[in-house]
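What follows is a single structure, written as structure tokens, with notes after it.
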Amino acid sequence: MLDKNGIAKRIAKEVKDGYYVNLGIGIPTLVANFVRDDISVEFQSENGVLGMGPFPFEGEEDADIINAGKQTITTLPGASFFDSATSFGMIRGQHVHLTILGAMEVAENGDIANWKIPGKMVKGMGGAMDLVASAENIIVAMMHTNRDGDSKLLKRCTLPLTGVGCVTKIVTNLAVLEVTDQGFKLLERAPGVSVEEIKNATEGRLVVDGDVPEMRI
Amino acid sequence: MINKKVANVADALKGVEDGMTFMLGGFGLCGIPENAIDELVQLGIKDITCISNNAGVDDFGLGLLLQKHQIKKMISSYVGENDEFERQMLSGELEVELTPQGTLAEKCRAAQAGFPAFYTPAGYGTEVAEGKETREFDGKMYVLEPAFKADFAFVKAWKGDEAGNLIFKGTARNFNPCMCGAATITVAEVEELLPAGSLDPNQIHIPGIFVQRIFQGRKYEKRIEQRTVRQKA
């Protein structure tokens with residue numbers, strides 16, 4: 001089973017040379033720490049920066065330079081700043097190659113819910129609806145089950161949707177799965193996790209095709 | 001040169017009234033029009049509608065207007081950092097229209113650029129699209145979103161000149177340029193207001209035609225929401 005850093009480490013393998021990548025808040029943010037340093041990648045933050053770097057050294061924080069999680073950041077050589085309409089032009093216009101975000105629920109048809117629990121939690125969708133409606137390559141980073149042990153990979157989402165039929169891949173603490181016409185196709189198992197355990201934690205249709213390899217991270 | 005300079009924040013906000021709709025730039029607390037917000041609190045005007053990506057925190061930014069119950073309706077994309085906001089929303093005191101962030105930016109830009117509406121894929125198939133016109137283009141579904149209409153836009157820039165030209169700094173740019181010229185009157189506050197001719201025309205982000213009034217802010221707190229640092233090795 002993977003922890004949050006393990007999930008981020010596995011997703012980092014999906015980041016290819018020459019990619020512009022948008023990272024959501026939470027586990028996705030950690031992905032930047034594990035991307036190979038022999039490839040060229042630029043991270044976009046939808047509040048208006050391309051070429052995001054690591055956190056600043058203490059005392060060097062600049063209130064005018066933050067990421068979409070409102071954290072102080074730095075920029076790398078080649079970085080640029082731009083306004084919000086331009087930022088979402090990059091996203092809607094499919095200039096960003098890969099979007100990695102968290103979710104509360106994903107359905108077997110690729111629907112995603114991650115912005116609202118009616119009556120309980122309403123934080124808003126931020127840029128998530130624009131990102132999932134536009135990006136061609138969307139990877140969800142999340143735990144396989146919620147705190148009560150219920151599956152987050154469902155036949156149909158129960159929470160208000162963020163986007164329909166958009167998720168391509170899911171990396172959880174238990175597995176790597178691909179969204180296909182037949183349902184969640186199991187691609188890899190987390191170290192020490194059996195196919196049976198993944199089946200039990202997946203409410204939606206799970207497609208197991210032959211021997212499923214253990215992931216290498 | 002058409003001079004847009006006004007003496008102070010009080011002159012800049014002349015004409016604001018109860019029940020008006022305002023656009024306010026900023027992302028989180030980054031690049032918010034701090035001086036205009038303070039003045040709105042002082043003026044005590046009520047029943048206002050605010051178009052702003054976020055709603056501030058409890059004791060800063062738009063949170064100051066929320067505390068005094070001056071806001072009737074918020075149009076935002078993300079409001080997670082404000083307990084008072086959540087309380088007023090769940091109790092029904094505050095009307096909230098949550099809008100995808102890219103749609104929010106484009107609804108400003110459309111108003112600025114004279115488009116009555118535009119199609120976007122964001123929100124299709126979700127409750128955001130309920131009751132809205134949808135249309136297929138090249139096999140993909142889109143939602144028709146109208147441009148915003150607002151009485152005042154309050155934006156904050158780094159440097160400006162008397163002609164109303166603006167230059168922004170870092171990610172404090174965010175929604176500010178999109179809101180310039182998107183309301184009947186655009187009020188720009190800047191950290192440094194310079195005579196016309198001081199800024200290189202090649203470096204202007206927003207031309208003064210989009211700005212009706214400009215003033216130099218008295219002070220900027222520039223509060224940081226999430227101070228994240230790394231240690232020197």
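Naming convention: chains lettered A, B, ... in sequence-line order (proteins, then strands); numbering from 1 in each chain. Fair warning: this is a prediction, and the values are worked out from it, not measured in the lab.
Both the backbone and the side chain of A:Phe55 come within contact range of chain B, each with at least one heavy atom under 4.5 Å from a heavy atom of that chain. When heavy atoms are compared at a cutoff of 4.5 Å, A:Thr162 approaches chain B solely by way of its backbone atoms N, CA, C and O. Heavy atoms of B:Glu86 lying under 4.5 Å from chain A belong exclusively to its side chain. Neither the backbone nor the side chain of B:Met141 comes within less than 4.5 Å of any heavy atom in chain A. Contacts between B:Asn53 and chain A at a heavy-atom distance below 4.5 Å are absent for every atom of the residue. Residue A:Ala68 touches chain B through both its backbone and its side chain, counting heavy-atom pairs closer than 4.5 Å. With a 4.5 angstrom heavy-atom cutoff, A:Glu46 touches chain B via backbone and side-chain atoms both. In this structure, no portion of A:Asp111 lies under 4.5 Å from any heavy atom of chain B. Contacts of B:Arg109 with chain A are made by side-chain atoms alone, with heavy-atom separations under 4.5 Å and no backbone atom involved. B:Val96 does not touch chain A: none of its heavy atoms, backbone or side chain, sits under 4.5 Å away.
Of the listed residues (A:Asn47, A:Thr74, A:Leu161, A:Val164), the one with the most heavy-atom contacts under 4.5 Å to chain B is A:Asn47. The residue among A:Ser45, A:Gly69, A:Ala128, A:Pro54 with the most heavy atom pairs within less than 4.5 Å of chain B is A:Pro54. Options B:Gly102, B:Ala129, B:Gly80 differ in how many heavy-atom pairs under 4.5 Å they form with chain A, and the most are formed by B:Gly102. No other option in A:Ala85, A:Gly89, A:Gly163, A:Gly126 has as many heavy-atom pairs under 4.5 Å with chain B as A:Gly126. The most heavy-atom pairs under 4.5 Å with chain A, out of B:Gly170, B:Ala122, B:Cys178, B:Ala55, come from B:Gly170. Interface summary for chain B: among A:Pro56, A:Gly165, A:Gly127, A:Gly48, the most heavy-atom pairs under 4.5 angstrom belong to A:Pro56. With respect to chain A, the highest number of heavy-atom pairs below 4.5 Å among B:Ser77, B:Gly31, B:Pro177 belongs to B:Ser77.
Residue A:Lys70 holds its NZ atom at 8.5 Å from CG of B:Leu29, rounded to the nearest 0.5 Å. Taking OG1 from B:Thr228 and CD1 from A:Ile73, the interatomic distance works out to 8.5 Å, rounded to the nearest 0.5 Å. In this structure, the separation between NZ on A:Lys123 and OG on B:Ser76 is 14.0 Å, given to the nearest 0.5 Å. Distance check: A:Ser87 OG to B:Phe27 CZ gives 9.0 Å after rounding to the nearest 0.5 Å. In this structure, the separation between CZ on B:Arg227 and OG1 on A:Thr72 is 7.0 Å, given to the nearest 0.5 Å. Atom-to-atom distance recorded for B:Tyr220:OH and A:Asp64:CG is 11.0 Å, nearest 0.5 angstrom.
Heavy atoms from other residues, nucleotides or ligands lying under 6.0 Å from NZ of A:Lys155 number more than 12. Around atom CG of A:Asp181, no more than 12 heavy atoms belonging to other residues, nucleotides or ligands sit under 6.0 Å away. Open room surrounds CD1 on B:Ile209; 12 or fewer heavy atoms of other groups in view lie less than 6.0 Å from it. By the neighbour-count criterion of 12 heavy atoms within 6.0 Å, atom NZ of B:Lys140 is densely surrounded, having more than that number from other residues, nucleotides or ligands. More than 12 heavy atoms of other residues, nucleotides or ligands shown are found within 6.0 angstrom of CZ on B:Arg230. For CE of A:Met90, the number of neighbouring non-hydrogen atoms (other residues, nucleotides, ligands) closer than 6.0 Å is greater than 12. Shown here is A:Tyr20, whose OH atom has no more than 12 heavy atoms of other residues, nucleotides or ligands within 6.0 Å. The environment of CG in B:Asp138 is sparse: at most 12 heavy-atom neighbours from other residues, nucleotides or ligands sit within 6.0 Å.
Heavy atoms only, all atoms of each residue included: A:Ser134 and B:Pro121 are closest at OG-CG, 3.8 Å. Scanning both residues, A:Gly124 and B:Tyr78, for their nearest heavy atoms gives O-CD1, 3.6 Å. Scanning both residues, A:Val122 and B:Val79, for their nearest heavy atoms gives O-CG2, 3.7 Å.
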Next on the checklist: As a quick check of understanding, evaluate salt bridge (charged side-chain N to carboxylate O under 4.0 Å, His left out) for A:Lys116 and B:Glu127, giving each step before the final call.
Outcome noted: CA-CA 11 Å; A:Lys116 183 179 181 181; B:Glu127 62 181 57; 2.7 Å; yes

Checklist entry - Stepwise, does the side chain to side chain contact (heavy atoms under 4.5 Å, CB included) test hold for B:Asn174 with A:Asp83? => result CA-CA 4 Å; B:Asn174 56 63; A:Asp83 67 72; over 6 Å; no

Checklist entry - Between A:Ile66 and B:Gln226, does a side chain to side chain contact (heavy atoms under 4.5 Å, CB included) hold up when you go through it step by step? => result CA-CA 9 Å; A:Ile66 63 167; B:Gln226 306 283 339; over 6 Å; no

Checklist entry - Checking side chain to side chain contact (heavy atoms under 4.5 Å, CB included) for the pair A:Arg92/B:Glu106: CA distance, chi angles, key distance, verdict? => result CA-CA 11 Å; A:Arg92 235 184 281 105; B:Glu106 203 61 23; 4.1 Å; yes

Next on the checklist: One pair to check against side chain to side chain contact (heavy atoms under 4.5 Å, CB included): B:Lys232 and A:Glu60. What are the steps and the verdict?
Outcome noted: CA-CA 11 Å; B:Lys232 279 187 177 138; A:Glu60 292 175 12; 3.8 Å; yes

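The pair B:Lys169-A:Asp62 meets the salt-bridge criterion, with a side-chain N (NZ, NE, NH1 or NH2) lying under 4.0 Å from an Asp/Glu carboxylate O.
Side-chain N or O atoms of A:Asp130 include one that pairs as donor or acceptor with a backbone N or O of B:Thr103 at under 3.5 Å.
By the 6.0 Å and 45° rule, B:Arg173 does not stack over the aromatic ring of A:Phe82.
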